[in-house]
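Input: a single structure, listed below in structure tokens.
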Amino acid sequence: MNHLTRFSFALTPRMQSFLECRNALQCLEHAKLHDDVYGWLQAIHDLQESLLGSAARKPVVPEIVGLIHAIQRNLKNLSRQNTAFKQQILEAHASLSEYEKVLAKTLPKALDFMYNDGVIQSWINCHKKQDWLGHRIFYPKVLPIFWQTLGIQEQLNESLQDIHAIISHLDGILHDFVPWTEELARHGSDQLQPTCSDEKHGLLIVGLPTSAVQSGITPEFSGNQHVVRIRFQQWSAGKAQMAYDQDLPYYRMLVPIL
């Protein structure tokens, strides 16, 4: 299903924390690859909020460790059901056990860098003062030069490399855990009940053909573990967001990991 654009909706607080950290790391990598210094700083700010916690967020590291344990439990259950792949599943289980040690070793170095780097901390202080572009410290002028000469992004990337690899692997497991089902949103909306079966779920993933997203269609989610409502929206340049009111085929999966 590589032609699908995927949209994730967390059904548990733990999964929400994980998604926020994953998104920050993905944006950080994208900004680095495209020399987008402002996008990189914004992603760093968001990532620090996830790692340390804030008024709106819980610290993500305990949530990641809990998610690793939940995946391991599911892998053990799978190893009992799929004997042909038992060895590969147990190997994956063992590799996850190492991730806790890696996090404990690498996270302090990354956090120290963020705390001690003047450019990053000045950017965060600018946001606290509603100076969104850093006018007062001349960031519109100096950031392109700093980006090319100071190498902040390279040094931090080295500290975050293992963390990014762990999050990417966990994300891959979550996205490949169950098969897609093909659904139809009648008049642009649909509803499902994740708790209608004996199995509990922590994540809903909706897949839309990229062509639909290119035309401005995206899903909007509301609800919780018991009932989730999906309403598709239409975006157009220079116009207000509108409800998409036509029948729309889409794909979805419910991930049975809490």
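Every value quoted in this text rests on a predicted model; they were computed, and no experiment measured them.
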- Message: Between Glu183 and Pro249 (side chain of the first, backbone of the second, donor and acceptor by atom type, cut-off under 3.5 Å), is there such a pair?
- Response: no

- Item | Other residues, nucleotides, ligands: >12 heavy atoms within 6.0 Å of His187 NE2 | no

- Query: Are the side chain of Arg14 and the backbone of Leu258 linked by a donor-acceptor contact shorter than 3.5 Å?
  - Reply: yes

- Note on the structure: Residues Phe113 and Ile120: closest non-hydrogen pair is CE2-CD1, 4.2 Å

- Within-4.5 Å side-chain heavy-atom neighbours: Tyr38 and Leu133: yes

- Nonpolar side-chain network containing Leu184, other nodes, edges under 4.5 Å: none

- Query: Going by atom types only, do Glu49 and Ser54 share a side-chain donor-acceptor pair under 3.5 Å?
  - Reply: yes

- Is a side-chain N or O of Thr210 found less than 3.5 angstrom from the main chain of His3, in a donor-acceptor match? yes

- Message: Measuring only between side-chain heavy atoms, which start at C-beta, is Pro59 closer than 4.5 Å to Leu51?
- Response: no

- Would you say Ile137 and Trp123 make side-chain contact, with heavy atoms under 4.5 Å? no

- Item | Heavy-atom pair of closest approach, residues His201 and Gln225 | O-NE2, 3.3 Å

- Task: Examine distances only and state if a side-chain atom of Asp131 and a backbone atom of Arg136 form a donor-acceptor pair shorter than 3.5 Å.
- Result: yes

- Task: With the side chain counted from C-beta on, respond yes when Trp147 and Gln153 share a heavy-atom pair under 4.5 Å apart, and no when they do not.
- Result: yes

- Item | Side-chain cluster (under 4.5 Å, hydrophobic types only) that Val227 belongs to, other residues | none

- Query: About how many Å separate CH2 of Trp40 and CG of Asp36, when rounded to the nearest 0.5 Å?
  - Reply: 11.5 Å

- Between CG on residue Leu203 and CG on residue Leu11, distance to nearest 0.5 Å: 6.5 Å

- Query: Any side-chain heavy atom of Pro140 sitting closer than 4.5 Å to one from His135?
  - Reply: yes

- Query: To the nearest 0.5 Å, what is the distance between OG1 (Thr106) and NZ (Lys101)?
  - Reply: 14.0 Å

- Query: Just wondering, more than 12 heavy atoms not from His127 lying within 6.0 Å of its NE2?
  - Reply: yes

- Going by an N to O cut-off under 4.0 Å, is there a salt bridge joining Lys32 and Glu29? no

- Message: Can you confirm whether His45 sits close enough to Leu41 that some side-chain heavy atom of one is under 4.5 Å from a side-chain heavy atom of the other?
- Response: no

- With a 3.5 Å cut-off and no angle check, do the side chains of Arg57 and Ser17 form a donor-acceptor pair? no

- Note on the structure: To the nearest 0.5 Å, atom OG of Ser215 lies from atom OH of Tyr244 at 7.0 Å

- Message: Could you work out, with ring-ring contact (aromatic ring centres under 6.0 Å, His included) as the rule, every residue matching Phe9, not counting sequence neighbours?
- Response: Phe221

- Give a yes or no on whether a salt bridge exists between Lys105 and Asp162, defined as a side-chain N under 4.0 angstrom from a carboxylate O. no

- Task: Taking atom CD of Glu158 as the centre, report whether more than 12 heavy atoms of other residues, nucleotides or ligands fall under 6.0 Å from it.
- Result: no

- Message: For the backbone of Val119 and the side chain of Ser122, can you confirm whether one donor and one acceptor N or O come within less than 3.5 Å of each other?
- Response: no

- Query: How about Met114 and Ser159: do any of their side-chain heavy atoms sit closer than 4.5 Å?
  - Reply: no

- Message: Using the rule given for side chain to side chain contact (heavy atoms under 4.5 Å, CB included), can you reason through Ser8 versus His175, listing the C-alpha separation, both sets of side-chain angles and the distance that settles it, and then say yes or no?
- Response: CA-CA 10 Å; Ser8 302; His175 278 73; 3.8 Å; yes

- Message: For Ala70, is there any backbone N or O sitting under 3.5 Å from a side-chain donor or acceptor partner on Asn74?
- Response: yes

- Item | Atom of Ile145, atom of Thr149 and distance for their closest heavy-atom approach | O-OG1, 2.8 Å

- Do any N or O atoms from the side chain of Gln121 and from the backbone of Asn116 form a donor-acceptor pair under 3.5 angstrom? no

- Message: Side chains of Ile230 and Phe7, heavy atoms from C-beta outward: is any pair under 4.5 Å?
- Response: no

- Gln234 side chain to Ser236 side chain, donor-acceptor N/O pair below 3.5 angstrom: no

- Task: Please indicate whether Arg186 has more than 12 foreign heavy atoms, meaning atoms of other residues, nucleotides or ligands, lying under 6.0 Å from its CZ.
- Result: no

- Value rounded to 0.5 Å, distance of CD1 in Ile166 from CG in Asp171: 13.5 Å

